[in-house]
Enquirer: 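Just passing along the structure, written as structure tokens.
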Amino acid sequence: MKMSSHPLDVDFYRRNPHTLARDLLGRDLVRRTDEGIRRGRIVETEVYGGPHDPASHGDSGEPTDRTDSMFGPPGTAYVYTIYGMYQCFNVVAPAEQKAAAILVRAVEPMDGLEMMARDRGLVDRDDIGELKDSTIGNLTTGPGKLCQAFDIGTSLDGATLDGPPLWLEPGEPAVDNTEESIGASSRIGLNRETVGEAVDWPWRYTLEDSEFLSRPG
DNA sequence: GTGCTGATAGTCT
DNA sequence: GACTATCAGCACG
């Protein structure tokens with residue numbers, strides 16, 4: 001278990017969304033429940049929002065019941081339900097116009113893997129032994145998966161990410177780290193018919209060599 | 001390894 | 001009434 005550190009300060013989030021999305025790579029997402037601590041290193045993010053992004057939930061400029069927290073202050077959580085059965089976790093970023101948020105698409109599991117496997121439904125509740133590599137590689141490699149693994153539901157929508165139950169820590173940032181290269185690629189799950197040329201915008205950022213991406217860069 | 005399909009319910013038009 | 005920033009399971013080779 002890694003020793004606890006201090007949560008990232010709100011000033012960390014008060015930057016251009018693309019700068020923030022890149023600097024989130026390598027940071028630790030930490031979740032505390034009654035059962036203990038879960039930790040994961042962020043390896044994949046996507047930017048949504050800005051002056052005109054047809055793929056952003058905030059593109060109309062007007063919040064709805066669902067998207068209200070996307071219009072909240074930087075450093076808070078935007079959690080929404082997708083496909084009726086999964087949640088996606090976003091970090092709210094500053095918005096010069098409209099709203100902006102960073103979708104966290106994948107993390108590398110670090111602490112609390114047994115709890116993650118159980119909440120993912122990959123092991124029986126009372127039969128948790130040594131986890132297989134194939135199980136570990138399927139814990140948090142997608143936005144819906146990591147929300148299951150971290151027990152992130154819509155009850156955390158709008159939460160401030162400065163301490164329990166959910167927060168970020170400095171971790172080992174990837175920006176300016178010569179050992180790890182950051183890739184930029186097009187965002188996952190969009191289609192040209194609804195968002196036009198935005199399907200091609202390289203607004204997905206990855207730690208290219210990570211084994212825990214939702215799909216290869 | 002790749003690719004297709006069904007599940008499933010909140011949200012918006 | 002249609003759509004979706006997804007996933008698991010299955011078929012295939």
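Quick caveat, the model's predicted, so the values are computed rather than measured. Every chain is numbered from 1 and lettered A, B, ... according to where its sequence line falls, protein lines coming before strand lines. Excluded from the calculations below are hydrogen atoms, water molecules and symmetry mates; all remaining heavy atoms, backbone and side chain alike, are included.
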Enquirer: Measure CD/E62(A) against P/dT11(B) and give the value in whole Å, please.
Expert: 18 Å
Enquirer: Looking for any heavy atom pair under 4.0 Å, which part of the strands does L103(A) touch: base, sugar-phosphate only, or nothing?
Expert: base
Enquirer: What nucleotide among dA7(B), dC12(B), dA8(C) has an atom nearest to a side-chain atom of N138(A)?
Expert: dA8(C)
Enquirer: Under 3.5 Å, is there any donor-acceptor pair linking the side chain of Y83(A) to the base of dA9(B)?
Expert: no
Enquirer: Using Watson-Crick and G-U wobble pairs with both distances under 3.5 Å, what is the 5'-to-3' dot-bracket string of DNA chain B, with [ ] for crossing pairs and | for pairs outside the strand?
Expert: |||||||.||||.
Enquirer: Does the side chain of R120(A) get closer than 4.0 angstrom to OP1 or OP2 of dC7(C) through an N or O atom?
Expert: no
Enquirer: Which part of the nucleic acid, if any, lies within reach of D65(A) when heavy atoms closer than 4.0 Å are counted: base, sugar-phosphate only, or nothing?
Expert: nothing
Enquirer: Calculate the interatomic distance between M85(A) atom CE and dT4(C) atom P; express it in whole Å.
Expert: 17 Å
Enquirer: S56(A) side chain N/O closer than 4.0 Å to the phosphate oxygens (OP1, OP2) of dA5(C)?
Expert: no
Enquirer: Indicate, with a heavy-atom threshold strictly under 4.0 Å, whether N191(A) touches base, sugar-phosphate, or nothing.
Expert: sugar-phosphate
Enquirer: Counting only side-chain heavy atoms from C-beta out, which of dT8(B), dA5(C), dA8(C) sits nearest to K145(A)?
Expert: dA8(C)
Enquirer: In terms of side-chain heavy atoms of Y86(A), which of dC7(C), dC12(B), dA8(C) is nearest?
Expert: dC7(C)
